[in-house]
Amino acid sequence: MVVALVTLLADRLPPSPAARLLAWSAAGTALASLLNVAAFTVKAVAEIPFVAGLFGWSYRTVIADTGHVRWVPWLCVLLMGWAAVAAVRVVRRHRGGRAWALRLGGVATEDGIVVVPSPDVAAFAVPGRPGHVVVTTGMRESLDDDQYAALLAHERAHLDQGHPRLMLLSDLAGAVHPALRWVSRRVDYLVERAADEHAAAAIGDRRTLAGAIGAAALAARGRPALGSGPFASFARPRRPGAVPRRVAALLHQARGGRLWPAAVPAVLAVSSLVWTGEALYDLVELLILAHG
């Protein structure tokens, strides 16, 4: 249901709050799913006579609770292992992305801009303490001064609004629950739109930013790809078709959207967590019964 609602609502909400609500809703839904799988994993382990004996549980009592579907707890063991591996990979990719960005070298300026000598047309924000913006010489040469200022405003917006954290949350949600990968892609697009709107307001010219996005995307075609690790690239978006949509949105006057529809997936995520709490309580009751 969360996936269906996100598909319907993502383009009808203001991008900045929508990105936050959708990322956290996805994270809450994924956490609820993971906790349910973890509960069944504990139950599967408690069915092993040796383990049950260590804790004074009756393994027969534990087995009887789901005796008609004995395969479910053991399937959850496999799912738990798969989810753990997928989550670790996402975290390592994001952490490795920061290390990769540092290895690029380049010339750092006082305002947190790192200019990397490369013919590739690339620019992206790297989170950290402090964060910084990486821009290649190929990108700088592709834009005029006004367009370059718009690019910097866009990338700084990513850092100021905590977009890398939202992308990590949504990537983790998609890794833990494959159905939420659609949400992750939506969040990727929404953080770009949010940074666009923030940058357009900062420079006071929507057309200049739209021109910068278009010029960068055109210049990047046929050029070698430096890459951007797990970070959103100004010229090479992770989602196909994002550049024309972003440009079209900037060429139209920004319109306010109602925020309350985004609360629906958030409520569903909270409901999932509440239901998960009930499931965990049932597990505790079962183990107490098995101990008695």
Contacts table for residues 53-62: side-chain donor-acceptor under 3.5 angstrom, sequence neighbours left out:
from, atom 1, to, atom 2, distance (Å)
Ser58, OG, Thr61, N, 3.4
Ser58, OG, Thr61, OG1, 3.1

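Of all heavy-atom pairs between Ser170 and Ser184, the closest is O-CB, 3.5 Å. Between Thr41 and Cys76, the shortest heavy-atom distance links the atoms OG1-O, 3.3 Å. Taking every heavy atom of both residues into account, Ala52 and Ala46 meet most closely at CB-O, 3.5 Å. Nearest heavy atoms, Ala30 versus Val176: O-CG1, 3.8 Å.
His132 is not listed as a side-chain neighbour of Ile113, based on a closest heavy-atom distance of 4.5 Å or more. When side chains are defined from C-beta on, Val72 does not count as touching Trp74, because their heavy atoms never get closer than 4.5 Å. A heavy-atom distance below 4.5 Å is not found between the side chains of Leu151 and Ile213. With contacts defined as side-chain heavy-atom distances shorter than 4.5 Å, the pair Ile288/Glu285 does not qualify. Leu159 has its side chain out of reach of Glu155: every pair of non-hydrogen atoms, C-beta onward, lies at least 4.5 Å apart.
Trp24 CH2: 12 or fewer foreign heavy atoms inside a 6.0 Å radius. Annotation for Trp275: atom CH2 does not count as buried by contact number, only 12 or fewer foreign heavy atoms lying within 6.0 Å.
Leu169 and Leu190 end up in the same hydrophobic cluster when Ile, Leu, Val, Met, Phe, Trp and Tyr side chains are linked at under 4.5 Å. Under the 4.5 Å side-chain heavy-atom criterion for grouping Ile, Leu, Val, Met, Phe, Trp and Tyr, Phe40 is not connected to Leu283 through any hydrophobic cluster. Cluster membership for Leu250 and Tyr148, using ILVMFWY side-chain heavy atoms within less than 4.5 angstrom, is shared. In the hydrophobic clustering of this structure, Val69 groups with Val37; members are Ile, Leu, Val, Met, Phe, Trp, Tyr whose side-chain heavy atoms approach within less than 4.5 Å, directly or through other members.
Formation of a donor-acceptor pair under 3.5 Å by the Arg206 side chain with backbone atoms of Ala200 is not found in this model. In this structure a side-chain-to-backbone donor-acceptor pair under 3.5 Å is present from Thr137 to Ser118. Distance alone, capped at 3.5 Å, places no donor-acceptor pair between the Ser272 side chain and the Ala32 backbone. In this structure, Arg140 contributes its side chain and Leu143 its backbone to a donor-acceptor pair below 3.5 Å. Under a 3.5 Å cut-off, the side chain of Gln147 and the backbone N or O of Asp144 do form a donor-acceptor pair. Here the side chain of Ser33 pairs no donor or acceptor atom with the backbone of Thr29 at under 3.5 angstrom. A distance-only check finds no donor-acceptor pair linking the side chain of Ser142 to the backbone of Ala219 [under 3.5 Å].
No salt bridge links Asp171 with Arg185; every basic N to acidic carboxylate O contact stays at or beyond 4.0 Å.
Of the residues listed (Gln161, Arg156, His154), the one engaging His198 in a side-chain hydrogen bond (donor to acceptor under 3.5 Å, both in side chains) is Gln161, and it is the only one.
Between the side chains of His158 and Glu192, at least one donor-acceptor pair of N or O atoms lies under 3.5 Å.
The distance from the CG atom of Leu209 to the CG atom of Asp146 is 12.0 Å, given to the nearest 0.5 Å.
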Practice prompt. Please report the C-alpha distance between Thr136 and Asp120 in whole Å, then the side-chain angles of each, then the deciding distance to 0.1 Å, and finally whether the side chain to side chain donor-acceptor pair (under 3.5 Å) criterion is met.
Written response: CA-CA 7 Å; Thr136 62; Asp120 181 31; 5.6 Å; no
